[in-house]
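As the structure lists them, so they are numbered: ligands from 1, and atoms in each ligand from 1.
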Amino acid sequence: MKEKLSAILESARAELEASSDIKSLEDLRVRYLSKKGELTAILKMMGGLSAEERPAMGQLANSVRAEIEQKLSEKTEQLKKELAAQKLKAEKLDVTLPGKDIPVGRAHPLNAVLDEVKEIFLGMGFDVVDGPEVETDHYCFEALNMPKSHPARDTQDTFYINDNVVLRTQTSSVQIRTMEQRKPPIRIISPGRVYRSDAVDATHSPLFHQIEGLVIDKGITLSDLYGTLDLLMKKLYGKDTQIRLRPHHFPYTEPSAEVDLMCFNCGGKGCPMCKNEGYVELLGAGMVHPKVLEGCGIDPEVYSGFAFGIGLERITMGRYGINDMRLLYENDMRFLGQF
Ligand code: DAH
C-alpha cells in the first residue's frame, strides 16, 4: 500500500509538472482526488489493514493528498497568471493612436430649410397639415377654378393615373381639403412633394417640393399676405431682405401675384446672378378667389383670405447659394456634408 501511495504521488507530480493548461489540471484533480479517484480507491482499502498499520498509513495517505492538492492549486495559480500576462500582451492598447471617426448624420438641406420654415409659421400661429400625393382631378384642378379646358393646366402637364386621378402638381389641393374640413379662422401651411412631367435640368425636376399656405378669416387683406411673406423672408434671409409683389395670374386667386426677392448680390440693380433682373422669382400667391371659397362652403361676403405656394428647392438654393437643383437629389455626401 505504501508503494502504491508513493507511486501515485510520483505520477501525480510528473503529470502536474507536464500539464500546461487549466483543463488538464482539472482532469488530474478528478483522476486523483475525486470520489472515484485513485487516491480514494486506496483509502477504501484501509479497512483491510491491521490496527497498528492503520494510523501510519492514514497519515501517509493524508500527506499525499495534501501535497497533490497544494501542487494542483499552485499550478492552477501559475497558469492563470501566465494566461493573464499573455492576454495583456496580445490586447495591448495604444492610446496614442488616432480615434475612429464615427460620422454623424444631419438634416438634408431641404429638410433643414423646411424645418426653419415650419418653425417660423408655427410662431405665427399656423398649423402644419398634410395632404395626399395621389390626388383627384377635383382637388388638384377643378375645385381650384381650373376646369378641364383651362389653359393653366398645360403648364402643369402631369402624371395621370387615370382620367380622374393624378400625382398632384401643386400643394394647392390641400387648400381645398382644409377648407372642406375646417371652419374659419384657418391658418395652415402644408409642405409636400409635387410632380410634373418636366425634363431634369438645373432648375427643373419631375419631383419637387412645395409649401402651401392658407389663411382665411374676417377682414384678411393683401397687406396681411405681404406682411406674412415679408417676415418669412426676413427670417430666412436676414433683416435687410426685401420682397416685391408683381401682378400675375392664377385661376384660384384674385388678385394674384408672383413674389420676388431682391437680389442679394446687386441690391436690385441687375447682375449676372439675377440675370440682370434685380429680383429673383420666389413664389406664387394671391387673395383666395371668391369662387373657390364658395365651392368650399365659405361665404366670400363674410370671409376673405390669402394663399401662397413656395418652391422649397428654390428657397433652399437661394439660402445656400446652390446653383443646380440636381445636387439636392444626388445624395453625394461630398456635397451634402457642406451644409
Ligand atoms: N400652385 C402654384 C404653383 O404650383 C403656386 C401658387 C400660386 C400657390 C398662387 C398658391 C397661390 O396658393 O395662391 O405654381
Using a 4.0 Å cutoff against the non-hydrogen atoms of G286, which atoms of ligand 1 qualify? 13 (O)
Does E17 have any side-chain hydrogen bond (donor to acceptor under 3.5 Å, both in side chains) partners at least two apart in sequence or in another chain, and if so, which? none
Please check if atom CD in E301 has more than 12 non-hydrogen atoms from other residues, nucleotides or ligands closer than 6.0 Å. no
Considering only heavy atoms of T253, which atoms of ligand 1 have at least one such atom less than 4.0 Å away? 13 (O)
Just say parallel, tilted or perpendicular for the rings of F308 and F306, cut-offs at 30° and 60°. parallel
Per-atom filter on ligand 1: closer than 4.0 angstrom to a heavy atom of Q210 are 3 (C), 4 (O)
In terms of atom number and element, which parts of ligand 1 are under 4.0 angstrom from non-hydrogen atoms of Q175? 10 (C), 12 (O)
A student checking ligand 1 against R196 at a 4.0 Å heavy-atom cut-off should list atoms 3 (C), 4 (O), 14 (O)
Could you check atom 8 (C) of ligand 1 against the protein and tell me its nearest heavy-atom contact, residue, atom and distance included? G309 N, 3.3 Å
Do me a favour and list the nearest non-hydrogen protein atom to atom 12 (O) of ligand 1 with residue, atom name and distance? E212 OE2, 2.6 Å
Can you find an N/O atom of A285 closer than 3.5 Å to an N/O atom of ligand 1? no
Tell me whether F250 has any N or O atom under 3.5 angstrom from an N or O of ligand 1. no
Relative to the heavy atoms of Q170, which atoms of ligand 1 are at a distance of less than 4.0 Å? 1 (N), 2 (C), 4 (O)
Distance in Å, K75 NZ paired with I22 CD1, rounded so as to fall on 0.5 Å steps: 10.5 Å
Distance in Å, K291 NZ paired with C296 SG, rounded so as to fall on 0.5 Å steps: 13.0 Å
Between E26 and K23, is there a salt bridge with N-O shorter than 4.0 Å? no
Partner set under side-chain contact (heavy atoms from CB on, under 4.5 Å) for S149, not counting sequence neighbours: none
For ligand 1, is there an atom lying under 4.0 Å from some heavy atom of Y252? yes
Pairs of nitrogen or oxygen atoms closer than 3.5 Å, one from T169 and one from ligand 1: do any exist? no
To the closest 0.5 Å, what do you measure between CG (L214) and OG (S190)? 10.0 Å
